[in-house]
Amino acid sequence: MANFLATDKRTHYCGNLNISHAGKEIILMGWSHRRRDHGGVIFVDLRDREGMVQIVFNPDSGEAVHGEAHKIRNEFVLAVKGTVLKRPQGMENPALKTGEIEVIVSELEIMNESKTPPFSFDEEDISENVRLKYRYLDLRRPALQQNLFLRSKLAAATRNYFDKNGFIEVETPFLTKSTPEGARDYLVPSRIYKGMFYALPQSPQIFKQLLMVSGFDRYYQIVKCFRDEDLRADRQPEFTQIDVEMSFITEEDIIKIMEGLMAQIFKVCLDRELKLPFPRLTYHDAVNRYGKDNPDTRFDIELVDITSIVSNSGFKLFQEVVAAGGIVKAIKLEQASGLSRKDLDELKDYVAVYGAKGLAWARINATDWTSPIYKFLRPEEVEKINKAMGAKESDIIFFVADVPRVVNDSLGNLRLHLAKKLNLFKPDDLAFNWITEFPLMEYSDSEKRYVSMHHPFTSPVLEDVALFNSQPGKVRARAYDLVLNGSEIGGGSIRIHRKDLQAQVFKVLGLSNEEARSKFGFLLDALEYGAPPHGGIAFGLDRLTMIMTHAESIRDVIAFPKTQKAACLLSDAPSKVSIEQLMELSLKIV
RNA sequence: GGGGUCGUAGUUAAGUUGGUUAUAACGCCGGCCUGUCACGCCGGAGGGCGUGGGUUCAAGUCCCAUCGGCCCCGCCA
């Protein structure tokens with residue numbers, strides 16, 4: 001039998017062949033995707049990362065090759081030498097990219113056999129536990145391969161952009177120090193220092209600031225980060241950030257350069273032009289108008305505050321909620337006659353998840369409403385609400401009355417839910433928004449103190465520093481998030497570079513000097529040695545890839561992801577370790 | 001920590017109010033077939049229903065517990 005690698009190199013990828021190769025002798029290597037053995041002529045769809053091509057074994061082109069071809073089964077690894085030919089008249093397959101041509105095989109080597117795969121790569125709905133256990137086979141699916149190719153392109157475009165703009169990529173340690181604020185750390189026991197632990201970084205935050213102190217001026221890194229928190233469709237315990245930090249800049253510089261990055265990424269990866277600059281929303285406006293600080297603005301349903309209209313409502317419940325300091329807000333769905341009474345009632349369950357105790361609705365008619373609460377409302381209230389909502393016949397209004405957090409959460413998520421259900425946006429729509437003027441800190445009920453919203457090194461807006469003691473919750477941060485299609489894809493801030501201001505912030509956060517020293521001492525020291533004004537941002541590379549590939553799960557853009565319980569079904573991690581390993585680390589399982 | 005949902009041949013699913021040897025399609029194996037492309041035709045093998053208890057004359061079907069996949073709340077500076 002032929003022994004290809006000893007003498008021949010692959011000349012083409014299967015999927016790249018076309019009519020222009022007709023007549024050429026070529027060498028292909030790939031997997032037999034499917035075989036159609038007619039006893040005489042045998043067809044095999046040969047697949048590689050670029051696609052598939054039909055290869056043909058004719059009995060008259062040699063008994064040895066034809067005999068060997070009979071042994072081919074699905075997923076065998078084949079090398080073939082053959083000639084590209086235009087397919088006979090009427091034999092073209094328009095469903096196949098290479099369907100105009102085929103390869104008549106003259107030499108065949110079965111480089112490896114394969115067990116029958118546990119699932120078909122053509123089938124879409126294979127249960128995820130099977131897919132994840134055989135991830136290396138799952139990754140043979142063209143769709144998943146395309147996602148990873150795009151991810152690679154995205155990373156390359158990013159490196160290219162930063163390199164051209166004078167940034168330096170610096171690696172920062174994975175074995176580092178646990179910092180108590182923020183997410184739960186993944187810990188790594190130290191063998192040399194018994195009872196002590198490294199932590200895997202939640203982000204390279206402090207190190208990139210130190211690099212600014214060192215004078216690198218423009219830093220970036222595509223880097224893994226680790227957070228030991230529960231998983232979601234868009235959250236994995238290890239994920240990848242595009243991490244950036246710059247010196248001698250303001251918010252405007254960062255925003256401008258990052259808009260350039262996004263434009264470059266979308267141009268290179270998807271050949272799409274972005275409209276710059278991106279719109280901006282303050283945190284306050286985002287929450288008021290969309291109920292969330294990561295608003296999806298691909299469709300224009302907005303929350304309307306009708307508290308003042310119903311503060312004295314004939315509907316007792318509204319009145320009581322307002323009297324207790326709550327608010328009443330509403331959203332309007334235009335021309336929503338498609339929703340049945342049953343649909344409307346079921347939406348109550350949807351908002352209940354966010355703490356809403358009810359969901360009132362009103363169907364707008366020419367002269368009145370069809371609504372469970374209509375009979376309670378005074379005519380002038382109805383009129384005012386209609387006006388405030390800009391309601392027209394056949395529209396539906398939804399109301400939630402509760403504390404602001406519940407109202408915004410419920411309606412903010414309901415508008416998303418309805419938009420998806422009613423297809424109010426197109427799959428390719430892109431809506432970027434910068435969210436600015438975040439609060440520097442918010443009061444934590446569980447900790448009974450103010451905590452940083454971003455992180456404790458975020459600079460306050462200087463004119464708000466006067467509010468530190470009187471109204472800490474009103475202090476704005478010099479922080480910004482980038483939101484794309486309702487997904488937070490990045491966030492950052494201008495940092496504090498002066499020790500006195502940093503000390504003030506720690507004080508408001510209730511951190512004593514000693515605590516601050518033990519937690520972030522090395523950063524505080526560094527700030528005393530000529531730290532330049534600096535700031536930065538970090539993007540979630542996985543989430544960005546998800547949006548660009550239309551992936552529904554973050555697992556579809558990660559080669560070897562974890563399950564929702566943070567396990568790897570492929571490698572069976574996490575797993576027990578030997579008693580010897582534990583002893584070496586002075587660890588005992590309790 | 002909590003809520004929801006799913007778990008039946010290799011895969012995807014069906015399985016009535018509990019009732020003989022648990023269905024189908026695809027895949028797999030064997031045979032036939034020189035133009036198919038989800039090739040076709042003929043034949044065959046393969047599971048005891050995630051796991052462990054329980055109720056019952058009788059359990060994929062009912063009950064309890066438990067494990068696992070997915071979605072969500074909390075959590076994620």
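Every value quoted in this text rests on a predicted model; they were computed, and no experiment measured them. Every chain is numbered from 1 and lettered A, B, ... according to where its sequence line falls, protein lines coming before strand lines.
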Discussion item. Can you tell me the base-pairing partner of B/rC76? Count Watson-Crick or G-U wobble geometry only, both distances below 3.5 Å, and say none if there is no partner.
Written reply: none
Item to complete: Just name whichever nucleotide pairs with B/rC62, Watson-Crick or G-U, keeping both distances under 3.5 Å, else none.
Response: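 Across all strands, the one nucleotide that pairs with B/rC62 is B/rG54.
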Any [X] side-chain N or O less than 4.0 Å from OP1/OP2 of [N]:
X	N	answer
A/Arg36	B/rC39	yes
A/Arg555	B/rC71	yes
A/Thr116	B/rG10	no
A/Arg232	B/rG74	no
A/Gln564	B/rC71	yes
A/Ser127	B/rU12	yes

Discussion item. Checking one value: the base orientation of B/rG74, syn if chi is within 90 degrees of 0, otherwise anti.
Written reply: anti
Discussion item. So if I take every side-chain heavy atom of A/Glu123 and compare against B/rC72, B/rU12, B/rC37, which nucleotide ends up nearest?
Written reply: B/rU12
Worksheet item: Less than 6.0 Å separating the ring centroids of A/Tyr350 and A/His417?
Response: yes
Worksheet item: For A/Arg131, which contact category applies under a 4.0 Å heavy-atom criterion: base, sugar-phosphate, or nothing?
Response: nothing
Worksheet entry | Upstream residue (5' side of RNA chain B) when A/Asn413 and A/Gly40 are each assigned their closest nucleotide | A/Gly40
Worksheet item: So, are A/Glu238 and A/Lys562 salt-bridged, with charged N and O less than 4.0 Å apart?
Response: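 Between A/Lys562 and A/Glu238 there is a salt bridge, with a charged N closer than 4.0 Å to a carboxylate O.
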Worksheet entry | Electrostatic pair A/Arg495-A/Glu245, nearest N-O below 4.0 angstrom | yes
Worksheet item: Mind checking the C1' distance from B/rU66 to B/rG15? Whole angstroms is fine.
Response: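 B/rU66 and B/rG15 have their C1' atoms separated by 25 Å.
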Worksheet entry | Integer angstrom distance from the C1' of B/rC67 to that of B/rC26 |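 That atom pair is separated by 29 Å.
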Worksheet item: Hey, is A/His38 stacking on B/rC39? Ring centres under 5.5 Å, planes under 30°.
Response: yes
Practice prompt. Please determine which of A/Phe438, A/Tyr290, A/Trp434 meets the ring-ring contact (aromatic ring centres under 6.0 Å, His included) test together with A/Tyr283.
Written response: A/Phe438
